[in-house]
Protein chains: 2
Amino acid sequence: MQPLYTQNIKDFRSRAAVMKALGHPARLMVVDVLARGERCVCELTDLLGLDISTVSKHLRVLKKAGIVSDDKRGKQVFYSLRMPCVLRFFECLESVLAQG
Amino acid sequence: MQPLYTQNIKDFRSRAAVMKALGHPARLMVVDVLARGERCVCELTDLLGLDISTVSKHLRVLKKAGIVSDDKRGKQVFYSLRMPCVLRFFECLESVLAQG
DNA sequence: TCTACATTTTGCCATTTCGCCAAACGAGGA
DNA sequence: TCCTCGTTTGGCGAAATGGCAAAATGTAGA
């Protein structure tokens with residue numbers, strides 16, 4: 001039997017890694033905020049209301065997936081959105097979610 | 001401090017649920033195949049090389065998230081893609097993944 | 001150097017996820 | 001009705017995830 005899918009397994013794995021990274025409310029909030037400019041970890045921590053170590057872990061997940069990038073300047077680390085097309089996908093989501 | 005994100009928490013939760021459902025290679029393969037037409041569970045099972053019960057569970061996850069819909073005809077259940085805009089997002093992913 | 005600050009890492013625990021197997025369910029057909 | 005086929009559900013163990021707290025790291029300033 002020949003494969004019916006158009007991509008190979010590795011492609012699916014790397015895509016799934018990105019999706020998985022976006023599959024948490026806290027990380028989606030981070031993406032939403034970073035869409036309007038870079039933020040340091042402390043700002044994101046205040047925003048999310050989670051322990052800073054927890055936020056740091058979420059950021060590591062996003063970074064590993066290639067969704068955000070970090071830039072250390074002085075004592076602070078600034079994160080910014082590296083994948084702005086994510087935002088367009090949210091519109092697609094909304095339309096489907098609206099249907100119920 | 002006022003919230004800096006543009007959506008409310010519930011929006012992020014429902015979005016995250018969709019992303020999470022897409023965050024598994026097997027489920028992405030299903031989406032890829034269904035993009036070209038409906039398939040019964042048995043076909044998808046052959047395709048993925050997983051136990052049929054495992055595939056059924058993956059399909060339930062996708063259905064619950066609103067990504068696919070099912071249609072029982074006779075003994076078989078046919079699944080089809082309800083969110084074709086997912087495919088456009090994959091192009092976005094590719095471009096970012098290509099950068100490393 | 002010592003201290004303070006921002007962030008990351010580690011450890012721990014509760015919860016969830018993913019795979020298989022076995023059992024149950026539901027629709028035909030004999 | 002009984003049997004079979006296609007699918008779903010339940011249960012299990014191994015592994016991953018998410019949260020906090022504590023310890024470690026690194027940078028700047030006194």
Side-chain angles (χ1 to χ4, degrees), chain A residues 1 4 9-10 12-31 33-34 37-80, chain B residues 1 4 9-10 12-31 33-34 37-80:
Chain A
M1 174 182 23
L4 285 180
I9 308 273
K10 285 188 181 178
F12 288 117
R13 271 204 280 265
S14 42
R15 283 181 184 180
V18 177
M19 293 305 207
K20 197 172 176 182
L22 292 171
H24 191 285
R27 293 195 288 266
L28 283 187
M29 286 191 212
V30 168
V31 168
V33 172
L34 295 186
E38 65 175 13
R39 297 277 176 185
C40 68
V41 179
C42 56
E43 284 176 303
L44 296 170
T45 299
D46 289 345
L47 203 69
L48 296 178
L50 292 171
D51 192 276
I52 187 173
S53 65
T54 304
V55 175
S56 181
K57 278 185 185 176
H58 281 309
L59 289 169
R60 184 174 42 165
V61 171
L62 288 170
K63 184 185 168 189
K64 191 178 174 189
I67 298 164
V68 304
S69 58
D70 61 342
D71 181 24
K72 184 160 193 169
R73 296 202 295 275
K75 290 185 199 170
Q76 297 182 319
V77 179
F78 292 89
Y79 282 82
S80 50
Chain B
M1 175 183 24
L4 284 180
I9 309 272
K10 285 188 182 178
F12 289 117
R13 271 204 279 264
S14 42
R15 284 180 183 179
V18 178
M19 292 305 207
K20 198 172 174 183
L22 292 170
H24 192 283
R27 294 195 288 266
L28 284 188
M29 285 192 213
V30 168
V31 168
V33 172
L34 295 185
E38 65 174 14
R39 296 278 176 183
C40 67
V41 180
C42 55
E43 284 176 303
L44 296 170
T45 299
D46 289 345
L47 203 69
L48 297 178
L50 291 170
D51 192 276
I52 188 173
S53 66
T54 303
V55 175
S56 179
K57 283 181 185 176
H58 280 309
L59 288 169
R60 183 173 43 167
V61 171
L62 288 170
K63 184 185 168 188
K64 191 178 175 190
I67 298 164
V68 303
S69 58
D70 61 342
D71 181 25
K72 183 160 195 170
R73 295 201 297 274
K75 290 184 198 171
Q76 296 182 321
V77 179
F78 291 90
Y79 281 83
S80 50

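All chains are named by letter (A, B, ...) in the order of the sequence lines, taking the proteins before the strands, and each is independently numbered beginning at 1. All figures in this text were calculated on a predicted structure; none of them were measured in a lab.
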Atom of B:Ala21, atom of B:Ile67 and distance for their closest heavy-atom approach: CB-CD1, 3.8 Å
Using a heavy-atom cut-off of 4.0 Å across all strands, would you classify A:Arg27 as base, sugar-phosphate, or nothing? sugar-phosphate
Whole-Å distance, B:His58 NE2 to C:dC20 C1', equals 12 Å
Among C:dT16, D:dA22, D:dT8, find the nucleotide with the atom closest to the side chain of B:Lys20. C:dT16
All heavy atoms of A:Leu44 vs all of A:Leu34, minimum pair found to be CD2-CD2, 4.4 Å
Using side-chain heavy atoms (C-beta onward) and a distance below 4.5 Å, is A:His58 in contact with A:Leu50? yes
Which heavy atom of B:Tyr79 sits nearest a heavy atom of B:Asp70, and at what distance? CE2-CB, 3.6 Å
Between B:Arg60 and D:dT9, is there a contact of a side-chain N or O with OP1 or OP2 at under 4.0 Å? yes
Quickly work out the A:Asp70 CG to C:dA6 P distance and round it to whole Å. 18 Å
Identify whether any heavy atom of A:Phe78 sits under 4.0 Å from a base atom; if not, whether one sits that close to sugar-phosphate; answer base, sugar-phosphate or nothing. nothing
Starting at atom CZ of B:Arg39, determine the distance to atom P of D:dG6, rounded to an integer number of angstrom. 16 Å
If you take all heavy atoms of A:Val68 and A:Leu59, which pair is closest and at what distance? CG2-O, 4.1 Å
Specify the separation, in whole Å, of atom CD of A:Gln76 and atom P of D:dT27. 14 Å
Closest listed nucleotide, where the reference is the side chain of B:His24 and the choices are D:dT7, C:dT8, C:dC18: C:dC18
Nearest to the B:Thr54 side chain among D:dT8, C:dT9, C:dG19, which nucleotide is it? C:dG19
Take atom CG of B:Leu59 and atom P of C:dG19, then tell me their distance rounded to the nearest Å. 12 Å
Per B:Asp51 side chain, nearest of listed nucleotides D:dT17, C:dC20, C:dT7: C:dC20
With the side chain defined as heavy atoms from C-beta on, B:Lys72 is closest, among C:dT7, C:dC20, C:dA27, to C:dA27
What is the distance, rounded to the nearest whole Å, between atom NZ of A:Lys64 and atom P of D:dA16? 10 Å
Nearest heavy atom decides the nucleotide; on that basis, is A:Arg73 or B:Tyr79 closer to the 5' end of DNA chain D? B:Tyr79
Name the closest nucleotide to the A:Leu50 side chain, picking from D:dT7, D:dC20, C:dA6. D:dC20
Across the strands shown, which category fits B:Lys63 at heavy-atom distances under 4.0 angstrom: base, sugar-phosphate, nothing? nothing
Rounding to a whole Å, what distance do you find between B:Asp46:CG and D:dG6:C1'? 12 Å
Report yes if a donor N or O on one partner sits less than 3.5 Å from an acceptor N or O on the other, where the partners are the side chain of A:Lys57 and the base of C:dG11; otherwise report no. yes
Return no unless some side-chain N or O of B:Ser56 is found under 4.0 Å from OP1 or OP2 of D:dT8. yes
Can you measure A:Asp71 atom CG to C:dT7 atom P for me and round it to whole angstrom units? 12 Å
So if I take every side-chain heavy atom of B:Lys75 and compare against D:dT9, C:dT8, D:dG6, which nucleotide ends up nearest? D:dG6
Distance-minimising heavy-atom pair for A:Arg27 and A:Lys20: NH2-O, 3.4 Å
